[in-house]
Amino acid sequence: TSISLNAYLLHLERQGRSAATVSRVLASIKAYFHYQFREGRVSEDPAELLKAPRVQKKPPAILSVEEIGRLLEAPSKDTAKEIRDKAMLKLLYATGIRVSELICLKVSDLNLAVGFITCRDDRRERTVPFGREAGRAVENYLKEAREQLLKGETSPWLFINCRGKQMSRQGFWKIIKQYAARVGIRTDITPHCLRHSFAAHLLAKGASLQAVQQRLGHVAPANTQMYQDYLVSGVEAGR
């Protein structure tokens with residue numbers, strides 16, 4: 001049976017199925033036979049020693065400094081929505097935080113006077129600084145736009161949607177893609193695009209890997225190393 005299962009996985013690879021797809025199929029097979037073995041329905045687990053194909057990570061989507069500049073200035077109208085969008089984009093790029101952290105920021109997590117935000121998850125919290133430009137955009141949002149979006153309601157969330165509710169990850173992704181299209185950026189934008197760009201640009205300016213790791217909130221150094229690898233591959237490609 002183990003030989004048959006391995007032959008099936010090889011068949012999927014020959015059909016051109018991606019390594020990620022084959023890995024998901026294998027995970028299902030392993031779960032099934034593990035259950036059968038545990039229940040005593042088979043005498044041995046034929047999937048126990050099967051190995052998943054190595055899944056190659058795609059390089060992170062990173063915008064150039066010029067593209068970032070165009071994207072951050074794309075929300076140019078004086079509407080409450082575009083004032084909010086500019087603040088979100090500038091704060092995201094200035095801090096390198098995750099989109100999930102951005103939309104979960106509360107007003108109480110913001111310290112405009114000193115210039116930092118506090119991000120929290122189930123395990124820890126970290127303080128992340130931001131510069132004057134992002135600070136001015138957020139301050140302008142608080143003064144000119146947030147109350148309009150709230151429409152008389154109250155909310156603990158720093159950034160809210162046009163219905164006065166907490167912004168969703170999907171909603172913000174649509175915002176990024178909308179502005180990228182407006183300024184002619186053809187890169188396949190992802191929710192993490194500004195975070196990736198922040199890290200790569202910081203390293204390119206001479207920041208240490210450890211400093212960038214701390215800013216991003218990475219536990220494992222390997223998660224930050226991919227940005228260094230991206231820069232090195234870019235330099236080698238340009239030779």
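No experiment lies behind these values; they were computed from the predicted model shown. Just the heavy atoms: all of them, side chains too, but no hydrogens, waters or symmetry mates, feed the values below.
For the pair Trp173 (side chain) and His192 (backbone), a donor-acceptor distance under 3.5 Å is absent. In this structure, the side chain of Asn140 does not engage the main chain of Ala137 through any donor-acceptor pair within 3.5 Å. When atom types are taken as modelled, the side chain of Lys174 and the backbone of Arg169 share no donor-acceptor pair closer than 3.5 angstrom. When atom types are taken as modelled, the side chain of His201 and the backbone of Leu63 share a donor-acceptor pair closer than 3.5 angstrom. Gln214 contributes no side-chain N or O that, together with a main-chain N or O of Ala211, makes up a donor-acceptor pair within less than 3.5 Å. Within the 3.5 Å criterion, the main-chain N or O of Ala74 finds a donor-acceptor partner in the side chain of Arg182. Glu82 places a side-chain N or O within donor-acceptor distance of the main-chain N or O of Lys77, the cut-off being under 3.5 Å. With Ser155 contributing its side chain and Trp157 its backbone, the two residues share a donor-acceptor pair below 3.5 Å. Between the Lys30 side chain and the Leu50 main chain, a donor and an acceptor come within less than 3.5 Å of each other.
With hydrophobic clusters built from ILVMFWY side chains whose heavy atoms lie under 4.5 angstrom apart, Leu110 shares a cluster with Val107. Under a hydrophobic clustering in which Ile, Leu, Val, Met, Phe, Trp and Tyr are joined whenever their side-chain heavy atoms come within less than 4.5 Å, directly or via other members, Leu150 and Met167 fall into the same cluster. No chain of hydrophobic side-chain contacts below 4.5 Å, direct or via other Ile, Leu, Val, Met, Phe, Trp or Tyr residues, connects Val65 to Tyr179. Cluster membership for Leu216 and Phe116, using ILVMFWY side-chain heavy atoms within less than 4.5 angstrom, is not shared.
For Glu133 and Lys86, the salt-bridge test fails: no basic side-chain N is under 4.0 Å from an acidic carboxylate O. A salt bridge is defined here as a Lys NZ or Arg NE, NH1 or NH2 lying under 4.0 Å from an Asp or Glu carboxylate O, and Arg84 with Glu144 fails to meet this definition. Salt bridge annotation for Arg146-Glu139: absent, with no cationic side-chain nitrogen under 4.0 angstrom from a carboxylate oxygen. A salt bridge is absent between Arg17 and Glu13: the closest approach of a Lys/Arg side-chain nitrogen to an acidic carboxylate oxygen does not fall below 4.0 angstrom.
Remark: His34 pairs with no residue by the side chain to side chain donor-acceptor pair (under 3.5 Å) rule, at least two apart or across chains. For Tyr141, the ring-ring contact (aromatic ring centres under 6.0 Å, His included) criterion is met by Phe159, not counting sequence neighbours.
Between atom CD of residue Gln36 and atom OG of residue Ser43 there is a gap of 12.0 Å, rounded to the nearest 0.5 Å. For the atom pair Leu72 CG and Leu91 CG, the distance stands at 11.0 Å (nearest 0.5 Å). To the nearest 0.5 Å, atom CD1 of residue Ile68 and atom OG of residue Ser197 are 4.0 Å apart. Between atom CZ of residue Arg120 and atom OG1 of residue Thr127 there is a gap of 8.5 Å, rounded to the nearest 0.5 Å. The structure places CD of Gln166 at 5.0 Å from SG of Cys104, a figure rounded to the nearest 0.5 Å.
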Run Leu92 and Arg195 through side chain to side chain contact (heavy atoms under 4.5 Å, CB included) and show every step you take. CA-CA 7 Å; Leu92 191 64; Arg195 177 174 167 85; 5.9 Å; no
Run the numbers on Asp45 and Arg38 for salt bridge (Lys or Arg N to Asp or Glu O under 4.0 Å), then give the verdict. CA-CA 9 Å; Asp45 183 352; Arg38 191 181 64 204; over 6 Å; no
Go through the steps to decide whether Leu202 and Phe198 satisfy the test side chain to side chain contact (heavy atoms under 4.5 Å, CB included), and finish with yes or no. CA-CA 6 Å; Leu202 207 57; Phe198 162 85; 3.7 Å; yes
Salt bridge (Lys or Arg N to Asp or Glu O under 4.0 Å) evaluation trace for Glu153 with Arg163: CA-CA 10 Å; Glu153 300 295 324; Arg163 299 186 304 279; over 6 Å; no
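Here the closest non-hydrogen pair linking Cys162 and Leu149 is CA-CD2, 4.1 Å.
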